[in-house]
Amino acid sequence: CSVGLDNAVSVWHIDQGHRVHVLSGHNRRVQSVSSDLQGKVIATASWDCTVKIWNVTKGDRNCELLIGSPVNCVDFHPEGQLIVTGSWDATLKIWDIFHKQRKAVLRGHSTSVRDVAYSPSGRHIASASLDGDVKLWSATAGTQVGNIKGHSLPINKLTFSPSGKELVTVSDDHKVKVWSGNLGKPVQCIEGDYGAAMSVALDPDNDAIYVGYHSGDIRSFDVSTGWEIYSHKHHTASVRCIKYIGNGFVVAGSDDNTVS
């Protein structure tokens, strides 16, 4: 899936390279898209204060959730019934999309929540905020179990490794940081004269991190050593999102209106 400033969401066939659906309905910018593990259902989060749930096969909308504040981010629980959202009002909310009910509100951040992620086990949630804080939560109890202060500027994206043992954060402070997934202890810090880091994806097969930068560059690094493996300027504007799709390939979306 890809999103643009036209408030619509496009669903693409990766192998054939053509668009399958255009999902319309939001009336402000769509900030985040997440799918369940089967790729059959997606959630779209928007500044119009809603999250919409869609059937990917048919291109139909299943339901709409009223969040109450502009929404920056959304992520699916591994089992697919729950989602977590992060909003301008500094809260996380957990929703049951089958019953269309809010299950919990998680409070603790003092600024807008920029990104959220469930751990692969579904037991933990990580959230990142505008002030550079990262918090770890118990997904079942809804309580805070850890707090990471590792960035001096807003965090743009975070992601768990497939094993859940590592958590990676990227920030406007030009740093890419790897943390112990459950404990929040620093494992690796990657920094250089690369500019603001906007997006991140992990290649579990090669123990590598792919990072998209504001400059349009995409770089990959070895998780253990922090050494740079690959660098190329694929885009002429900021790389807002990047996703690992297997066999050493990533898909990236940019402010230059292209997907590579």
Side-chain angles (χ1 to χ4, degrees), residues 1-5 29-34 44-47 70-75 84-92 109-118 125-136 147-161 166-179 181 184 186 188-203 208-221 223 226 231 233-244 250-260:
C1 295
S2 64
V3 300
L5 297 179
R29 180 173 179 166
V30 179
Q31 280 292 101
S32 177
V33 179
S34 179
T44 57
S46 170
W47 284 356
V71 192
N72 287 325
C73 46
V74 62
D75 194 40
V84 61
T85 61
S87 304
W88 285 15
D89 63 4
T91 67
L92 287 74
H109 284 289
S110 56
T111 58
S112 177
V113 178
R114 299 288 297 273
D115 202 17
V116 291
Y118 271 104
I125 298 170
S127 59
S129 61
L130 189 65
D131 59 8
D133 274 2
V134 175
K135 296 186 184 298
L136 299 173
N147 189 55
I148 300 170
K149 294 183 179 292
H151 291 280
S152 58
L153 289 174
I155 295 172
N156 292 311
K157 291 292 178 183
L158 56 74
T159 187
F160 280 98
S161 65
E166 294 88 24
L167 176 70
V168 183
T169 57
V170 298
S171 168
D172 280 349
D173 66 6
H174 303 186
K175 295 178 182 178
V176 178
K177 294 199 171 186
V178 183
W179 313 85
Q188 184 63 257
C189 179
I190 301 168
E191 56 183 318
D193 190 22
Y194 307 134
M198 306 302 295
S199 53
V200 63
L202 275 79
D203 174 356
I209 305 171
Y210 288 87
V211 182
Y213 286 90
H214 182 71
S215 62
D217 292 347
I218 296 175
R219 300 174 185 270
S220 68
F221 303 91
V223 174
S231 173
K233 190 176 182 65
H234 287 273
H235 295 277
T236 58
S238 179
V239 180
R240 293 284 181 179
C241 53
I242 191 167
K243 181 75 173 179
Y244 182 74
V250 294
V251 175
S254 169
D255 282 351
D256 64 9
N257 301 324
T258 65
V259 175
S260 64

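All heavy atoms count here, side chains included; hydrogens, waters and symmetry mates do not. Residues: numbered from 1 along the sequence shown.
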Q: How long is the gap from NE2 on His151 to OG on Ser129, to the nearest 0.5 Å?
A: 11.0 Å
Q: Can you give me every donor-acceptor pair (side chain of residues 191-199, partner residue at least two apart or in another chain, under 3.5 Å) with its distance?
A:
{"residue": "Tyr194", "atom": "OH", "partner": "Glu228", "partner atom": "OE1", "Å": "3.1"}
{"residue": "Ser199", "atom": "OG", "partner": "Val239", "partner atom": "O", "Å": "3.0"}

Q: In Å, rounded to the nearest 0.5 Å, how long is the span from CG of Asp255 to OG1 of Thr236?
A: 9.5 Å
Q: Is the shortest heavy-atom distance from the side chain of Val178 to the side chain of Ile209 under 4.5 Å?
A: yes
Q: Between the side chain of Ser220 and the main-chain N/O of Ala208, is any donor-acceptor distance below 3.5 Å?
A: no
Q: Yes or no on side chain to side chain contact (heavy atoms under 4.5 Å, CB included) for His109 and Leu92, after CA distance, side-chain angles and deciding distance?
A: CA-CA 9 Å; His109 284 289; Leu92 287 74; 3.8 Å; yes
Q: Any chance NE2 of His174 has more than 12 other-residue heavy atoms, nucleotides or ligands included, within less than 6.0 Å?
A: yes
Q: Drop me the distance from Ile155's CD1 to Lys177's NZ, to the nearest 0.5 angstrom.
A: 9.0 Å
Q: Is the backbone N or O of Ser215 less than 3.5 Å from a side-chain atom of Lys233, with the two atoms forming a donor-acceptor pair by type?
A: yes
Q: Would you compute the distance between atom CH2 of Trp47 and atom CH2 of Trp88 and round it to the nearest 0.5 angstrom?
A: 5.0 Å
Q: Any side-chain heavy atom of Ser32 sitting closer than 4.5 Å to one from Val71?
A: no
Q: Show your working on side chain to side chain contact (heavy atoms under 4.5 Å, CB included) between Leu136 and Leu167 and close with a plain yes or no.
A: CA-CA 10 Å; Leu136 299 173; Leu167 176 70; 4.1 Å; yes
Q: Please report the interatomic distance OG1(Thr169) to CG(Asp133), rounded to the nearest 0.5 Å.
A: 11.5 Å
Q: Does a side chain donor of either Asn72 or Ser112 reach within less than 3.5 Å of an acceptor in the other side chain?
A: yes
Q: Looking at every heavy atom in both Cys189 and Lys175, which two are closest together, and how far apart are they?
A: SG-CD, 4.2 Å
Q: Would you compute the distance between atom OG of Ser254 and atom CZ of Arg240 and round it to the nearest 0.5 angstrom?
A: 9.0 Å
Q: Nearest heavy-atom pair of Leu202 and Val168: which atoms, and what distance?
A: CD1-CG2, 3.8 Å
Q: Checking Asp115 side chain against Leu158 main chain: does a donor-acceptor pair fall under 3.5 Å?
A: yes
Q: Donor-acceptor pair, distance only, cut-off 3.5 Å: does the side chain of Ser171 make one with the backbone of Leu153?
A: yes
Q: Can you give me the closest heavy-atom contact between Phe160 and Tyr118, atom names plus distance?
A: CD1-O, 3.4 Å
Q: Decide yes or no for Val223 and Gln188: does some side-chain heavy atom of the first lie under 4.5 Å from some side-chain heavy atom of the second?
A: no
Q: Please step through side chain to side chain contact (heavy atoms under 4.5 Å, CB included) for the pair Thr85 and Val116, ending with a clear verdict.
A: CA-CA 7 Å; Thr85 61; Val116 291; over 6 Å; no
Q: Do you know which two heavy atoms are closest between Gly226 and Ile190, and how far apart they sit?
A: CA-CG1, 3.9 Å
